[in-house]
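Each remark here refers to the structure printed beneath this line.
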Amino acid sequence: MRHCLLCRRTFGVIGLLLLSRFSWAMQDLVDIQAQLAHEPKVALQAVTLKLQALNDEALSINHEVWFAYKEVEITAQIKLGLLDEAKARALMLYAQYDADSFPIYRAKTAFLLAVANQSTSNSEQSVAYLEEAKALVADKNEPELQADILANLGHAYRYKAEYDKALSYTTRALEIAFELKSLSKQANFHNQIGVIYDYIGNVELALQHHERSLRLQQQRGNQQGVSNSLYNIGEIYCGFITLNKKASVTFLLLIL
C-alpha cells in the first residue's frame, strides 16, 4: 500500500514537472514567433536553445509544442538563407510524419519544403510539395495554412509565367485572409496580386492592389511593408511618369 502511494506521488511530481516544462515552453514560443518576422537571427538562436533544453523523453509527450519549435527553426533558417540546413531539417520531419497518421504535420512540413525550394528557384519541386499540402488540408479546419499554401502556389505559378493560375490561387488566398480578418495577410496578398497584374500588363489593377496593400501596411505600422509597397508603386509610375504629369502628382501624394 505504501509502495502504491509512493508511486502515485512520484508520478504526480513527474507529471507536474513535465507540465511546468511545457507551460514554460509554450510561453516562450509566442515570444520567439513574434521575433521571427523582424529578427529571424535572434529567433533562431532562441529556438535552438529551447530545443536543446527539451529532452527527447519530454518531447514525446507533446508533439505539438516540439513541432511548433521546429517550424520556427526551419522558417528562420529559410529567412536567413540557410537553405541546406532548412531542407535537411524539414526532410527529417517529412519522413517522421506520414500523411495518414499526421496529415496536418505532414502538410506543414511539405509547405516548409516548398518555401525552401522556392528560395532556390526549384519551382517544379515547390509546386509538388504545395499540391500535396493543399490536398492534405482540403477538408481540415486550417484556414491560415490553406491561405499560405494558396498564396505560395500563386507565387510559384507566377514564377512559371502561368499568370491565370497565379491570379486564381492568390485571389482565393486573399478571400480567406478577409474571412480571417488578417490585415497582415491581406496586405501581403494584395501586394502579390499587384505584382501579377503588373506582369500581365494591367497597370490600373496593379496600382489598385499595391495601393490597398500600402494603406493596410500603414494601418499596421509596418514600415518594411510600406517601403515594399511604395517601391512597387514607384516602379509602375516610373514607366510613364515622364509622360504623365498627373501620375507624378499622384505618386508624390502617396509618398507624403
Side-chain angles (χ1 to χ4, degrees), residues 10-99 101-120 126 129-130 132-133 136-137 140-149 151-152 180 182 184-185 188 220-225:
T10 302
F11 283 118
V13 170
I14 293 173
L16 287 173
L17 287 172
L18 291 174
L19 180 60
S20 175
R21 168 168 289 200
F22 279 100
S23 295
W24 155 78
M26 286 299 294
Q27 289 169 1
D28 287 348
L29 177 62
V30 175
D31 295 332
I32 294 173
Q33 286 173 329
Q35 291 173 328
L36 186 60
H38 305 294
E39 298 178 292
K41 187 174 182 178
V42 175
L44 181 57
Q45 291 170 343
V47 78
T48 300
L49 291 174
K50 291 300 179 189
L51 286 169
Q52 290 172 350
L54 293 169
N55 60 47
D56 290 340
E57 182 181 356
L59 293 178
S60 66
I61 295 172
N62 194 318
H63 283 289
E64 185 177 357
V65 174
W66 179 74
F67 187 88
Y69 272 105
K70 295 300 290 185
E71 269 191 298
V72 172
E73 179 188 39
I74 295 167
T75 302
Q77 288 171 334
I78 293 171
K79 285 178 175 288
L80 293 168
L82 305 173
L83 299 178
D84 289 339
E85 293 93 328
K87 285 183 182 179
R89 283 168 172 74
L91 283 170
M92 289 177 64
L93 289 181
Y94 188 78
Q96 181 174 347
Y97 294 108
D98 67 273
S101 302
F102 303 98
I104 301 303
Y105 291 157
R106 177 75 168 216
K108 288 182 177 181
T109 306
F111 174 76
L112 290 170
L113 283 166
V115 175
N117 277 281
Q118 277 183 357
S119 300
T120 56
S126 178
Y129 280 126
L130 288 168
E132 178 188 1
L136 286 169
V137 300
K140 304 293 189 298
N141 185 24
E142 292 284 338
E144 288 197 26
L145 180 57
Q146 288 175 333
D148 290 337
I149 291 169
N152 276 270
L180 291 169
S182 171
S184 62
K185 289 188 187 300
N188 291 336
R220 296 179 60 237
N222 184 350
Q223 292 306 312
Q224 183 60 55

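All of these numbers come straight from a predicted model, not from anything done at the bench.
Partners of Y129 according to the ring pair (Phe, Tyr, Trp, His ring centres under 6.0 Å) rule, which considers only residues two or more places apart in sequence or in another chain, are Y94. Annotation: side-chain hydrogen bond (donor to acceptor under 3.5 Å, both in side chains) contacts of S182 (sequence neighbours excluded): S184.
A distance of 8.0 Å separates CG of L113 from CD1 of I78, quoted to the nearest 0.5 Å. The OG1 atom of T75 sits 8.0 Å away from atom CZ of F111, with the distance rounded to the nearest 0.5 Å. Residue K87 holds its NZ atom at 11.5 Å from CD of E85, rounded to the nearest 0.5 Å. In this structure, CG in N222 is found 8.0 Å from CG in N188, a value given to the nearest 0.5 Å.
Q77 and A86 make their closest contact through OE1-CA, 3.3 Å (heavy atoms, listed as atom of the first residue, atom of the second, distance). The two residues A68 and L29 have their closest heavy-atom pair at CB-CD2, 3.5 Å. Looking at every heavy atom in both residues, L44 comes nearest to A76 through CB-CB, 3.9 Å. Annotation for A107 and L145: closest pair CB-CD2, 4.3 Å, computed over non-hydrogen atoms. Smallest separation of non-hydrogen atoms from K79 and A37: NZ-O, 4.4 Å. Minimum interatomic distance between I149 and A133 (heavy atoms only, all atoms of both residues): CD1-CB, 3.6 Å.
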Quiz item: Does the side chain to side chain contact (heavy atoms under 4.5 Å, CB included) test come out yes or no for L136 and I104, once each step is laid out?
Solution: CA-CA 7 Å; L136 286 169; I104 301 303; over 6 Å; no

Exercise. Could you check Y97 against K108 for side chain to side chain contact (heavy atoms under 4.5 Å, CB included), going step by step and ending with a plain yes or no?
Key: CA-CA 10 Å; Y97 294 108; K108 288 182 177 181; over 6 Å; no

Quiz prompt | Worked verdict on D31 versus Q35 for side chain to side chain contact (heavy atoms under 4.5 Å, CB included) | solution = CA-CA 6 Å; D31 295 332; Q35 291 173 328; 5.6 Å; no

Practice problem: For the pair Y105 and L93, evaluate side chain to side chain contact (heavy atoms under 4.5 Å, CB included) and give the outcome as yes or no after the intermediate values. | Solution: CA-CA 8 Å; Y105 291 157; L93 289 181; over 6 Å; no

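Shown here is K140, whose NZ atom has more than 12 heavy atoms of other residues, nucleotides or ligands within 6.0 Å. The environment of CG in D98 is crowded: more than 12 heavy-atom neighbours from other residues, nucleotides or ligands sit within 6.0 Å.
When atom types are taken as modelled, the side chain of E132 and the backbone of A110 share no donor-acceptor pair closer than 3.5 angstrom. The backbone N or O of V47 sits nowhere less than 3.5 Å from a side-chain atom of E73 that would complete a donor-acceptor pair. A donor-acceptor pair is defined here as one N or O able to donate and one able to accept, closer than 3.5 Å; such a pair exists between the side chain of S119 and the backbone of V115.
Contact of the Q33 side chain with the E71 side chain is not registered, since no non-hydrogen atoms from C-beta on lie closer than 4.5 Å.
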